[in-house]
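First comes the structure, then the notes that go with it.
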Amino acid sequence: MPERAQPDQEPGHRHEDSQVPAVRPPAQRAAGRKAEAGGHQKGRRLGQPDQVLRIPALHHGQGPPHQRGVGQHPGRDGRRYQPLHPGLPAAAGQSGCGAVQGGPLVPQAQRTLLEIRQQRLQKLAELRELGYDPYPYRFEVSHRSADLQNLDDDAFPDDVRVAGRVVSVRRMGKASFVHLQDVDGRQQIYLKRDNIGEAAYEELFGRVDLGDFLGVRGAVFRTRTGEITVEVRELTLLSKSLRPLPNLKEKDGEIFDPFEDKENRYRRRYLDLIVNPEVRVHFMNRAKIIRHLRESLDGHGFVEVETPALQPLYGGASARPFTTYHNTLDQTLYLRIADELYLKRLIIGGFEKVYELAKDFRNEGMDRSHNPEFTMLEFYQAYADYHQMMDFTEKLIRGAASATGELQLTYRGQEIDLSAPFGRATYWGLLQKHGGPALAGLTTAEEVRSAAEQLGHNLPDELNFGQLLDKLFGILVEPHLIQPTFVMDHPKAISPLAKAHRDGDPALVERFELFIGGLEIANAFSELNDPIEQRSRLEAQAELASAGDEEAQTLDEDFLEAMEFGMPPTGGVGIGVDRLVMLLTGQESIKDVILFPAMRPGPS
RNA sequence: GACUCGGUAGCUCAGAUGGUAGAGCAGUGGCCUUUUAAGCCAUUGGCCGUGGGUUCGAGUCCCACCCGAGUCACCA
């Protein structure tokens with residue numbers, strides 16, 4: 001239960017990018033580039049996306065008969081065109097590039113971005129005039145880049161069809177090398193005028209830019225320099241690009257002029273994905289992790305359900321909500337901050353194992369580990385207690401980690417071992433371990449405050465007992481929770497939905513939070529199922545709320561009524577999926593595991 | 001919310017003490033039929049984040065604001 005599965009600051013982790021590869025100092029960059037060509041300046045190391053990105057070949061099937069290769073190639077020798085409009089501006093009077101009036105494409109220029117775009121629009125118009133469809137409907141792909149790159153030399157097929165985005169072009173007069181990028185990686189193609197025909201080479205390829213999509217058909221061979229390459233017989237333009245991509249070059253895994261401006265990368269993630277292959281890898285891994293979570297829960301008999309994201313009353317966590325309004329109902333609604341109370345209604349309704357994997361929304365600050373909308377997994381099991389949920393959670397996390405590779409990982413410079421049994425320690429035990437024996441048996445806000453002062457920490461005045469204690473825990477203990485650790489048996493004051501501890505201390509509940517690498521990953525309880533007790537706990541929260549605690553939980557009568565019909569003993573767990581992904585993919589900012597993180601509106 | 005750093009060409013970045021905005025890549029024109037940061041020659045391109053101010057003169061100094069990153073605070 002995500003009473004607060006989006007945890008807080010992680011004090012004590014300020015290490016900067018220890019594993020971020022060195023980028024060549026700017027000053028050297030421009031200056032040295034030419035002079036040292038072939039040298040070994042430091043560039044940023046490329047990730048090795050391909051190992052994680054393997055995707056089975058999409059094996060061809062011919063297209064349906066009616067599909068007769070629309071736009072697949074302009075005719076064997078590029079012959080399917082009509083004469084240019086006589087008045088086509090660009091073609092007039094220039095010479096050079098084409099059999100038809102293919103000459104210099106843009107006569108004179110203004111050249112801002114606008115004009116690069118103008119040039120490309122010009123090429124687009126000329127291609128249409130020449131009879132090429134710049135936006136055809138489909139292309140049958142026989143191999144992806146990874147399929148070809150893995151071939152043995154004696155097994156090179158002589159008829160393959162590959163497609164991708166043009167990411168590099170090396171023109172050498174009447175022959176050219178081009179790299180096409182697809183999901184797996186890059187495939188070099190070799191275009192020779194004598195192979196594809198003068199028209200296709202000059203008219204069509206002459207108007208191809210970085211960023212365009214091409215489809216080609218040809219034979220596989222290995223070049224003199226050893227790269228597996230497609231020698232093209234037929235060239236098809238699949239999409240014309242009108243804007244220049246960030247251009248960066250790569251050699252031996254080093255990247256020059258990397259596209260790394262965070263703002264630009266987050267705002268235009270598609271460019272980030274095109275140009276920074278490791279980004280795609282992280283999101284592929286995110287998908288694998290989520291798939292593993294689902295498969296694992298399904299495999300254990302959990303039923304996936306969907307509950308309202310728009311709720312008349314928010315609850316199940318301590319957080320401020322987003323508020324919205326339904327016109328027809330004439331009703332204020334809140335975006336959910338947790339699924340908890342609805343999932344419990346389903347347990348009451350007779351589902352014994354349910355889960356929901358969904359977005360929650362919390363109207364709070366943003367930082368490296370908080371995004372206003374984030375992905376939460378919650379699962380509930382009837383007749384189970386928090387010990388069982390702890391064991392299951394441990395397996396679930398370990399399994400998710402193996403889905404992306406390693407059980408030993410480095411996060412923020414710390415070695416973390418997920419293969420060893422996760423640590424288990426009690427909340428108060430940890431407080432005393434890291435703060436001293438004086439931290440035993442505190443029961444009032446004043447005691448917490450003065451204990452904190454003794455340790456040299458001044459806590460804000462306006463906080464209540466639970467808030468103070470939690471803050472102190474954050475300061476004293478959380479920075480030490482690097483190896484996987486279940487923190488158990490929290491104070492009742494900060495756990496209004498958890499069942500009192502069975503061992504008799506009325507101030508404790510049966511709850512655990514899992515910390516790994518300083519991140520709070522999971523939060524779980526033996527769920528409180530005594531409706532009378534639940535009512536008084538929520539009433540206590542309501543009092544906190546009226547005393548100014550903006551995040552105290554709401555008193556949900558409908559939920560209490562449901563519980564009065566009888567709810568079985570239940571274990572429930574909430575897992576912050578984004579943080580789990582951060583950990584398993586080594587990302588230090590939640591923005592790097594969310595494709596489109598929240599941003600302020602930028603310049604138009 | 002506070003503080004620090006940053007915002008200059010499509011991309012990556014230079015632009016001491018204020019004095020006509022630069023480089024590489026990309027683009028454009030030319031040469032080049034196995035290249036791969038291809039190469040060679042030529043060449044274009046700027047609301048210097050926005051708005052005020054100081055000054056004969058501001059990318060540079062001052063003020064305010066916008067956007068981002070980071071740290072802290074808030075939050076749990």
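Quick note on labels: first sequence line is chain A, next is B, and so on, each numbered from 1. Model, not experiment: these values are computed from the prediction.
The gap from the P atom of G19(B) to that of U12(B) amounts to 27 Å, rounded to the nearest Å. Rounded to whole Å, the P atom of G15(B) lies 14 Å from the corresponding atom of U8(B). For the C1' atoms, the distance linking C5(B) with A23(B) amounts to 24 Å, nearest Å. G18(B) and C62(B): their C1' atoms are spaced 13 Å apart (whole Å). A gap of 16 Å separates the C1' atoms of A58(B) and U50(B), to the nearest Å. A16(B) and G49(B): their C1' atoms are spaced 24 Å apart (whole Å). The same atom, P, is picked in G45(B) and in G22(B); the two are 11 Å apart, to the nearest Å. Across U44(B) and C25(B), the matching C1' atoms stand 15 Å from one another, rounded to whole Å.
Between the P atom of U33(B) and the CD1 atom of Ile189(A) lies a distance of 18 Å, rounded to the nearest Å. Between Leu544(A) atom CG and C75(B) atom P the separation is 13 Å, expressed in whole Å. As a whole-Å value, the separation of Glu250(A) CD from U12(B) C1' is 16 Å. In this entry the distance linking NZ of Lys471(A) with C1' of C72(B) reads 11 Å, nearest Å. Lys174(A) places its NZ atom 20 Å from the P atom of G39(B), with the value rounded to the nearest Å. Rounding to whole angstrom units, CG of residue Leu242(A) and P of G27(B) are separated by 15 Å. If you take CZ of Phe221(A) and P of U33(B), they are 16 Å apart, rounded to a whole angstrom. Here the P atom of nucleotide U33(B) and the CD1 atom of Ile196(A) are 14 Å apart, to the nearest Å.
OP1 or OP2 of A38(B) has at least one side-chain nitrogen or oxygen of Lys249(A) nearer than 4.0 Å. In this model, the phosphate group of U35(B) is approached by a side-chain N or O of Arg224(A) to a distance below 4.0 Å at OP1 or OP2. OP1 or OP2 of C67(B) sits under 4.0 Å from a side-chain N or O of Arg600(A). Lys192(A) has no side-chain polar atom (N or O) that falls below the 4.0 Å cut-off from OP1 or OP2 of U33(B). Between Lys251(A) and A38(B) there is no side-chain polar atom (N or O) within less than 4.0 angstrom of OP1 or OP2. Within the 4.0 Å cut-off from OP1 or OP2 of U28(B), at least one side-chain nitrogen or oxygen of Lys123(A) is found. Not one side-chain nitrogen or oxygen of Arg171(A) sits closer than 4.0 Å to the OP1 or OP2 atom of G39(B).
The partner of U35(B), taking Watson-Crick or G-U wobble pairs whose two distances both stay under 3.5 Å, does not exist in any strand shown. The partner of C75(B) cannot be assigned: no Watson-Crick or G-U wobble pair with both contacts below 3.5 Å exists in any strand. Searching all strands for a Watson-Crick or G-U wobble partner of A64(B) with both distances below 3.5 Å returns U50(B). If you check U4(B) for Watson-Crick or wobble pairing at under 3.5 angstrom, you find it paired to A69(B). Applying the Watson-Crick and G-U wobble criteria (two distances, each under 3.5 Å), U28(B) pairs with A42(B). The nucleotide G22(B) finds its pairing partner in C13(B), both defining distances of the Watson-Crick or G-U wobble pair being shorter than 3.5 Å. Across all strands shown, nothing is found opposite G57(B) as a Watson-Crick or G-U wobble partner with both distances under 3.5 Å.
Residues Leu210(A) and Pro244(A) form no side-chain contact, since every pair of their non-hydrogen atoms from C-beta on lies 4.5 Å or further apart.
For Tyr314(A) against Gln311(A), the heavy-atom pair with the smallest separation is CA-OE1, 3.8 Å.
Listed nucleotides: U35(B), G10(B), U33(B). Nearest to the side chain of Thr223(A): U35(B). Of the candidates U12(B), G68(B), G10(B), G68(B) carries the atom nearest the Glu263(A) side chain, counting heavy atoms from C-beta on. Side-chain proximity of Phe177(A) to the nucleotides C74(B), C67(B), U35(B) is greatest for U35(B). Distance from the side chain of Asp261(A) is smallest for U12(B) among the nucleotides U33(B), G70(B), U12(B). In this structure, of C75(B), G68(B), U35(B), it is G68(B) that holds the atom nearest to the side chain of Met599(A). Checking U28(B), A38(B), G70(B) against every side-chain atom of Met172(A), the shortest atom distance belongs to A38(B).
Considering Arg243(A), Lys240(A), Gln119(A) in turn, Lys240(A) is the only one that fulfils the side-chain hydrogen bond (donor to acceptor under 3.5 Å, both in side chains) rule with Asp209(A).
Taking the six-membered ring for Trp and thresholds of 30 and 60 degrees, Phe515(A) and Phe473(A) have ring planes inclined between 30 and 60 degrees apart. A tilted orientation is assigned to the rings of Phe221(A) and Tyr190(A), their planes being inclined by 30° to 60°.
Gln587(A) and His282(A) are linked by a side-chain donor-acceptor pair at a separation below 3.5 angstrom, with hydrogens and angles left out of the test. Side-chain polar atoms of Gln467(A) and Asp470(A) form no donor-acceptor pair below 3.5 angstrom.
In this structure, Tyr266(A) reaches the sugar-phosphate backbone alone: every heavy-atom distance under 4.0 Å involves primed, P, OP1 or OP2 atoms, never a base. Residue contacts shown for Leu271(A) are absent, as no nucleic acid heavy atom lies under 4.0 Å away. At the heavy-atom level, Arg117(A) lies nowhere under 4.0 Å from the strands shown.
The base of C25(B) sits with one of its N or O atoms less than 3.5 Å from a complementary donor or acceptor on the side chain of Asn247(A). Judged by distance alone, with hydrogens and angles left aside, Arg170(A) brings a side-chain donor or acceptor within reach of the base of U35(B), the pair sitting under 3.5 Å. For Gln188(A) against U35(B), a side-chain-to-base donor-acceptor contact under 3.5 Å is present.
Comparing Asp209(A) and Arg222(A), the nucleotide of RNA chain B nearest to each residue sits closer to the 5' end for Asp209(A). Nearest-nucleotide mapping onto RNA chain B: of Gly173(A) and Ala552(A), the residue sitting toward the 5' end is Gly173(A).
Residue pairs meeting the salt bridge (Lys or Arg N to Asp or Glu O under 4.0 Å) criterion with at least one partner in residues 218-227 of chain A, sequence neighbours excluded, are Asp153(A)-Arg222(A).
Both the sub-6.0 Å distance and the 45° axial angle are satisfied by Arg171(A) relative to the ring of Phe205(A).
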